[in-house]
Undergrad: 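Structure in structure tokens, see below.
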Amino acid sequence: MTKRLKMTVAALAVMTVGAQAADVEVLHWWTSGGEAAALNVLKQDLEGQGIGWQDMPVAGGGGEQAMTVLRARVTAGNAPTAVQMLGFDITDWAKQGALADLNSVAESEGWDAVVPDALKAFSKYDGKWVAAPVNVHSTNWVWANKAVLDANGISVPQTWDDFVAALAKLKEAGVTPIAHGGQPWQDATVFDAIAMSTGGSEFYKKAFIDLDPETLGSPTMVEAFKRMDTIRANVDDNFSGRDWNLATAMVINGEAGFQMMGDWAKGEFLNAGKKPGDDFLCFRFPGTQEQVTFNADQFAMFDQGGAVSDEQAALAKAILSPSFQSAFNVVKGSVPARTDVSDEAFDACGKQGMKDLAAAASSGNLFGSMAHGHAAPASVKNAMYDVITAHFNGEYDAETAAAELQSAVELAQ
Ligand code: GAL
């Protein structure tokens, strides 16, 4: 090695050590193919700024396991730099004073003017920005295999009755009507759409956001659970415990007709090289065409003692930059968390998602997703999960389930 080359190697080694000191450690649950592809957009953006990425993935859709790992890390005095988080979980950590104050970044980047109020309700606590929203997902979508629908003479169902008729046709043809993964958060994701479709906006809000006991135990809730029985009768025998992305794969490969799932499912179709409109269809769950039940992934920065660190500030800034919001959400299946990002780069489903979100927000039909921690705090959410899953697995009939939901929610508060 020449002397000059030796010096360069030494300089590089120093730089590498320096870069490691400026790493961000990010705890998240984006481990499916589509999710990992989206996460890469963020990793590369940061690497381009010389900020290294220490990956802390915790598998498990919906993030329950990730939140368990987070609690253990914080208890051990070893909080990660940044954590993917949903809705009321952000508020809970902020209340405990665990999150860094991002106001300096928010002010210099003008976040207040471009982040919609529905997200700010969770990104801010007590006047302080405590999380940077990366996207807006919504749960009341259906994903369909177009060839399977065409082969069975099924057009996009507009009503619950249309949907039930489509399920019957698929069953008759020997196709699994609904691809589902029997995990509590997935059962609850389906219930988000079923409850909204059964009772409408006012019912959804009273039950899941206001936690009104009468609505929770109402005949409409009984009807919603009866519709869950119909869903249960149209899943395959091996649904129990299946991961959501494996259910999406069943629709991708034509084993199943439909999946009721949030728009992260689109990331799986895209990752498999499938095209919306040609290979797969996206549409709002029948009877929820006007509504959007949303969840937004945000990155909360844990207070490392003192002011927000340079790396945390850089991560937060990168997350909310308009070009990143477009590039990331095109891959993830979600829509931007800023209101001023063009829909130009988005496919038909993404464009519809952006239009639906704006329309629902202005017509008063935008609500936080019960299943994804945007309607009520985790204690209540988990109580709801228990009842929804027990009913889905045949432990309760619809009447008992509504009564159990009412009392479980009361106890959990
Ligand atoms: C949601 C999250 C999405 C997606 C999904 C499945 O809670 O908001 O980004 O990751 O879980 O893992």
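Remember, it's 1-based here, ligands and their atoms both numbered in the order they're listed. Just so you know, residue 1 is the first one in the sequence shown, and it goes up from there.
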Undergrad: Do Asp243 and Gln183 have side-chain N/O donor and acceptor atoms under 3.5 Å apart?
TA: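 Their side chains do contain a donor-acceptor pair, which is all the 3.5 Å distance test asks for.
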Undergrad: For atom 9 (O) of ligand 1, what is the nearest protein heavy atom, given as residue, atom name and distance?
TA: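 For atom 9 (O) of ligand 1, the nearest protein heavy atom comes out as Asp297 OD2, 2.6 Å.
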Undergrad: Indicate yes or no: does an N/O atom of Glu35 lie under 3.5 Å from an N/O atom of ligand 1?
TA: yes
Undergrad: Might you confirm whether atom CD of Glu223 has over 12 heavy atoms from other residues, nucleotides or ligands at distances under 6.0 Å?
TA: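 Counting other residues, nucleotides and ligands, CD of Glu223 exceeds 12 neighbours.
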Undergrad: What about Gly62: any of its N or O atoms under 3.5 Å from an N or O on ligand 1?
TA: yes
Undergrad: Between Phe280 and Trp143, what is the ring plane arrangement, given parallel below 30°, perpendicular above 60°, and tilted in between?
TA: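 Aromatic pair Phe280/Trp143 classed tilted.
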Undergrad: Under 4.0 Å from a heavy atom of Trp244: give me the atoms of ligand 1 that qualify, with their elements.
TA: 6 (C), 12 (O)
Undergrad: Can you confirm, on distance only, whether ligand 1 has an N/O atom lying under 3.5 Å from any N/O atom belonging to Lys332?
TA: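 Yes: some nitrogen or oxygen of Lys332 is under 3.5 Å from one in ligand 1.
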Undergrad: Hydrogens and angles aside, do Gln65 and Thr68 bring a side-chain donor and acceptor to less than 3.5 Å of each other?
TA: no
Undergrad: Check this for me - ligand 1, His372, N or O atoms closer than 3.5 angstrom, yes or no?
TA: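 Among all N and O atoms of His372, at least one is under 3.5 Å from an N or O of ligand 1.
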Undergrad: What do you reckon, is CD of Glu344 surrounded by more than 12 foreign heavy atoms closer than 6.0 Å?
TA: no
Undergrad: Looking only at heavy atoms, is any part of Leu86 under 4.0 Å from ligand 1, and if so is it the side chain, the backbone, or both, or is it neither?
TA: side chain
Undergrad: Going by atom types alone, do Gln291 and Ser201 pair a side-chain donor with an acceptor below 3.5 Å?
TA: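 Per modelled atom types, Gln291 and Ser201 side chains form a pair under 3.5 Å.
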